[in-house]
> 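Got a structure for you, questions after.
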Amino acid sequence: MAYQLYRNTTLGNSLQESLDELIQSQQITPQLALQVLLQFDKAINSALAQRVRNRVNFRGSLNTYRFCDNVWTFVLNDVEFREVTELVKVDKVKIVACDGKSKYGN
Amino acid sequence: FKDDLSASPPQLFMPMNLYDVDLPIQTPEDALFSSQCNQPKELPVDFSSVDLSFLPDVTQDKEQNQSEDGHEKQEELDGSASRNEDSRILVGENSLYYPDETQRSLEASGTCQSLTSMTSMTPVTSASESTGIVPQLQNIVSTVNLACKLDLKSIALHARNAEYNPKRFAAVIMRIREPRTTALIFSSGKMVCTGAKSEEQSRLAARKYARVVQKLGFPAKFLDFKIQNMVGSCDVRFPIRLEGLVLTHQQFSSYEPELFPGLIYRMVKPRIVLLIFVSGKVVLTG
């Protein structure tokens, strides 16, 4: 059972919306939609662990932090995301992080 | 938590009633000394000679100082409330360093055991008084009982700046920025507050944590707030011969340079532990 962490991402949300539409139009069952999402969890966890090699650095000031159920949630302000190629600045970023080395990870 | 109020003269214990009044945030020295001086305490009467040869010799005109101090004392006592605190500090120092004047000082202002009496065993030749070495508070640990059972997971999920890892430690670790402190909050409702630089700040911080818990829906109260430990540090500004000190004060000292570079001096009266370093830096705790 992989982390369901990535369901609330642009990709994951698009998938959920599409599945909801299909359920509405009775083209698929809710059970099937659930199975699709579980498969999505496996696929995205595996892809990020195996197929992503690039590295991004970020720096900002910590507004709040939380650690509960082994999940870290941070809110940073005035953050700079730096990759070799480019720089992105944001006023506020929320980071939700799960343990990478647990049995759920790679 | 043992309440040893009756047992030993609690020089560093803050009386509860002082904090029922709203006090402005005081500087660490003020809070430290004024709180102590509100309660008349017995002076340590036994100044039997304890060898302080590890301190440098300071030659001063003792006669001159006595008259000066008497004069100062009179001036200070006529001052305003805030200055009275200072006068008590001075008088406390006087009574320490001039034991023959002890009675006069006692009657004049009520005694107080000032923190500069950390070298309280011997009438010192006013070295500390003239240089005015005042330890700075670095850390205060206090506890309070919120008097209600708490759901730690709910607190960790809804409060900001909280950590809860029940597998490792059965408490929520919460932090606030002002005063910069850390609290350990247990499911029993008991709480430990650490990191404050003064007693008043510690109490204020503990109240802030209690308010956070209260706002999360728990019927939190603020019972039995108690300062458990205070840590201070200072610099005597001259090197100290630790080997000499451990020879003359072996029943109080433990010095293992291969283990730890500081000498651990367990003072009996007041019951304080000092970490003394060759550089002249001293840490006081307990």
Side-chain angles (χ1 to χ4, degrees), chain A residues 1-13 16 34 37-38 40-42 44-45 48-49 56-82 88-106, chain B residues 139 146 148-197 201 204-220:
Chain A
M1 257 284 291
Y3 286 128
Q4 299 185 2
L5 177 64
Y6 303 102
R7 293 193 188 184
N8 187 18
T9 54
T10 313
L11 192 55
N13 281 323
Q16 289 192 80
L34 179 62
L37 285 170
L38 289 173
F40 166 77
D41 295 333
K42 282 191 217 161
I44 188 76
N45 274 285
L48 286 171
V56 177
N57 292 324
F58 62 93
R59 173 192 295 266
S61 52
L62 183 65
N63 187 322
T64 60
Y65 65 88
R66 173 178 294 118
F67 182 67
C68 194
D69 295 326
N70 275 316
V71 177
W72 279 104
T73 307
F74 302 104
V75 175
L76 309 190
N77 291 119
D78 303 321
V79 193
E80 288 187 355
F81 287 85
R82 222 172 261 276
V88 177
K89 290 193 192 183
V90 283
D91 287 335
K92 177 179 165 181
V93 66
K94 182 176 198 171
I95 298 175
V96 181
C98 296
D99 192 341
K101 287 197 169 62
S102 76
K103 62 181 162 99
Y104 293 148
N106 188 43
Chain B
N139 182 27
L146 304 178
C148 64
K149 294 268 170 279
L150 301 175
D151 178 3
L152 295 187
K153 181 147 163 190
S154 156
I155 292 176
L157 282 174
H158 296 104
R160 289 165 175 247
N161 303 321
E163 295 166 54
Y164 180 46
N165 195 358
K167 293 179 308 186
R168 230 188 70 194
F169 190 55
V172 167
I173 301 153
M174 196 183 298
R175 293 180 176 86
I176 56 174
R177 286 185 164 95
E178 183 54 54
R180 196 165 285 270
T181 50
T182 301
L184 306 176
I185 304 173
F186 294 85
S187 54
S188 62
K190 294 219 167 110
M191 179 170 79
V192 181
C193 175
T194 65
K197 297 287 190 191
Q201 284 189 10
L204 174 66
R207 286 207 108 101
K208 288 193 178 181
Y209 289 114
R211 188 161 63 232
V212 168
V213 170
Q214 204 175 57
K215 285 195 176 158
L216 290 174
F218 300 94

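A note on names: the letters A, B, ... follow the listed sequences, proteins ahead of strands, and every chain is numbered from 1.
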> To the nearest 0.5 Å, tell me how far B/Leu204 CG sits from B/Tyr209 OH.
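Reported to 0.5 Å precision, the distance equals 10.5 Å.
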
> So which residue, A/Thr64, A/Asn70, A/Thr73, A/Val75, ends up with the most heavy-atom pairs under 4.5 Å with chain B?
A/Thr64

> Output the option from B/Ala156, B/Ala159, B/Ala162 having the highest count of non-hydrogen pairs under 4.5 Å with chain A.
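Looking at each of B/Ala156, B/Ala159, B/Ala162 in turn, B/Ala162 comes out on top.
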
> Tell me which one of B/Leu184, B/Thr182, B/Ile185 satisfies side-chain contact (heavy atoms from CB on, under 4.5 Å) with B/Val192.
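Of the listed residues B/Leu184, B/Thr182, B/Ile185, the side-chain contact (heavy atoms from CB on, under 4.5 Å) partner of B/Val192 is B/Leu184.
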
> Checking heavy atoms, do the side chain of B/Arg177, its backbone, both or neither come under 4.5 Å from chain A?
side chain

> According to side chain to side chain donor-acceptor pair (under 3.5 Å), who are the partners of A/Asn63, at least two apart in sequence or on a separate chain?
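For A/Asn63 the side chain to side chain donor-acceptor pair (under 3.5 Å) partners, ignoring immediate neighbours, are A/Asn77.
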
> Based on non-hydrogen pairs under 4.5 Å, which of A/Trp72, A/Phe74, A/Tyr65, A/Phe67 is most in contact with chain B?
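Of the options given, most contacts go to A/Tyr65.
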
> State which residues pass salt bridge (charged side-chain N to carboxylate O under 4.0 Å, His left out) with A/Asp69; sequence neighbours excluded, sorted by chain then number.
B/Lys153

